[in-house]
Amino acid sequence: MSLHGDYDSQNIFAKIIRGEAPCYKLYEDDDVLAFLDVFPQSYGHTLVIPKRSAARNILEVDPGALSKMALAVQKLTRVLVAELEPAGVQVAQFNGNPAGQTVFHIHMHIVPRYEGDTLGVHASQKADAAELEKLQARLVKRLNG
Ligand code: 5GP
């Protein structure tokens with residue numbers, strides 16, 4: 001699968017949207033879902049996805065869904081910065097294998113960056129579940145506070 005192809009409704013993010021796979025949810029409304037990345041590139045690495053758009057990438061997504069995703073990215077970035085106080089934040093979006101895409105439901109990454117970070121694009125380690133739960137609780141509290 002790469003830049004062009006059919007949308008696979010069995011991809012992991014589609015399963016998360018349908019509630020068939022779990023996630024550490026931070027925010028959800030009718031149009032978007034935000035949750036913690038389980039292979040985080042940094043503490044607080046968050047993913048934002050459109051819920052109603054069966055689009056694999058930025059070429060396919062409809063402008064309305066793209067706009068709503070971008071607005072949610074800003075909202076979540078503000079929350080992450082307020083709560084975790086990183087020194088910087090990467091917002092990234094990959095299209096096609098050669099660009100780094102591994103899950104073919106369009107998504108945006110929010111990656112808080114801390115002083116001394118090495119800028120990895122793909123993490124190899126799955127995060128500890130208890131740590132993710134703690135972080136989720138902290139961020140949801142800030143989001144709703
Ligand atoms: P991509 O490389 O396609 O831009 O990003 C896909 C992201 O999804 C990666 O950062 C990867 O760690 C993350 N990911 C893969 N599988 C899962 C999963 O089952 N749950 C969550 N929360 N994130 C996942």
Side-chain angles (χ1 to χ4, degrees), residues 1-63 65-81 83-84 86-114 116-144:
M1 280 258 220
S2 199
L3 199 53
H4 305 288
D6 294 329
Y7 181 85
D8 175 7
S9 61
Q10 293 308 309
N11 76 74
I12 184 63
F13 293 172
K15 288 182 179 174
I16 288 173
I17 291 168
R18 291 195 298 266
E20 295 166 12
C23 74
Y24 297 90
K25 181 162 68 181
L26 300 180
Y27 174 78
E28 182 171 22
D29 61 27
D30 286 347
D31 301 299
V32 300
L33 178 63
F35 50 96
L36 293 173
D37 197 303
V38 291
F39 301 96
Q41 292 163 38
S42 76
Y43 191 63
H45 183 173
T46 294
L47 299 168
V48 180
I49 64 176
K51 285 166 58 179
R52 296 165 179 270
S53 188
R56 292 178 313 123
N57 56 43
I58 199 161
L59 301 173
E60 298 174 2
V61 68
D62 71 271
L66 181 61
S67 309
K68 284 167 181 159
M69 181 170 60
L71 290 173
V73 166
Q74 185 187 47
K75 182 186 186 83
L76 271 296
T77 301
R78 286 176 169 158
V79 168
L80 288 162
V81 168
E83 183 62 27
L84 304 179
V89 188
Q90 268 181 337
V91 173
Q93 194 274 315
F94 306 145
N95 304 281
N97 287 133
Q101 187 173 14
T102 59
V103 177
F104 290 83
H105 177 106
I106 187 169
H107 52 279
M108 294 184 76
H109 297 256
I110 309 171
V111 188
R113 292 297 185 184
Y114 305 90
D117 266 1
T118 48
L119 297 182
V121 172
H122 287 111
S124 53
Q125 281 213 325
K126 193 162 187 178
D128 178 69
E131 283 297 317
L132 286 178
E133 270 172 36
K134 260 197 278 177
L135 177 58
Q136 178 192 24
R138 202 175 147 188
L139 292 170
V140 167
K141 190 173 172 200
R142 170 70 71 159
L143 189 57
N144 298 325

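Whatever order the structure lists ligands and atoms in, that order sets their numbers, starting from 1. Note that these values count all heavy atoms, side chains included, but never hydrogens, waters or copies made by symmetry.
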- Pick from N11, V38, L36: the one approaching atom 17 (C) of ligand 1 most closely through a non-hydrogen atom: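 Going through N11, V38, L36 one by one, V38 has the nearest heavy atom to atom 17 (C) of ligand 1.
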Practice item. Pick whichever of Q101, Q41, Q93, H109 has a heavy atom sitting closest to atom 4 (O) of ligand 1. Key: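 It is H109 that holds the nearest heavy atom.
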Are V48 and L33 close enough that some pair of their side-chain heavy atoms sits under 4.5 Å apart?
->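 A side-chain contact under 4.5 Å is absent here.
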Are the side chains of H109 and Q90 in touch, meaning some heavy atoms are under 4.5 Å apart?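 The answer is no; the side chains never approach within 4.5 Å.
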In terms of atom number and element, which parts of ligand 1 are under 4.0 angstrom from non-hydrogen atoms of [X]?
| X | answer |
| --- | --- |
| T102 | 1 (P), 2 (O), 3 (O), 5 (O), 6 (C) |
| L47 | 8 (O), 23 (N) |
| F94 | 2 (O), 4 (O) |

Measuring from atom NZ of K134 to atom CZ of R138, what distance do you get when rounded to the nearest 0.5 angstrom?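 The distance works out to 10.0 Å.
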Exercise for review: Look up atom NZ in K51 and atom NE2 in H105, then write down how far apart they are to the nearest 0.5 Å.
Suggested key: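 One finds 10.5 Å between NZ of K51 and NE2 of H105.
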Item to check | Heavy atom of F13, distance to ligand 1 below 4.0 Å | outcome: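 It does; at least one heavy atom falls under 4.0 Å.
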>> Once side chain to side chain donor-acceptor pair (under 3.5 Å) is applied, do any residues pair with E20, and if so which ones, sequence neighbours excluded?
In response: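 For E20, the residues satisfying side chain to side chain donor-acceptor pair (under 3.5 Å) (neighbours in sequence not counted) are R18.
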Notebook entry, point to check: So is G100 polar-close to ligand 1, meaning N/O to N/O under 3.5 Å?
Noted result: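 Between G100 and ligand 1, an N or O pair is found under 3.5 Å apart.
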| Any N or O of H45 that comes nearer than 3.5 Å to an N or O of ligand 1? |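 Between H45 and ligand 1, no N or O pair is found under 3.5 Å apart.
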Below 4.0 Å, non-hydrogen atoms only: which portion of [X] touches ligand 1? Side chain, backbone, both or neither.
| X | value |
| --- | --- |
| F39 | both |
| I12 | side chain |
| F35 | side chain |

| Do any N or O atoms from the side chain of S42 and from the backbone of R113 form a donor-acceptor pair under 3.5 angstrom? |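 A pair under 3.5 Å: no.
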- Message: With a 3.5 Å distance limit and no angle check, can you tell me whether N57 reaches the backbone of G96 through a side-chain donor-acceptor pair?
- Response: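 No: the side chain of N57 does not pair with the backbone of G96.
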Could you work out, with ring-ring contact (aromatic ring centres under 6.0 Å, His included) as the rule, every residue matching F35, not counting sequence neighbours?
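Here the qualifying residues are F13.
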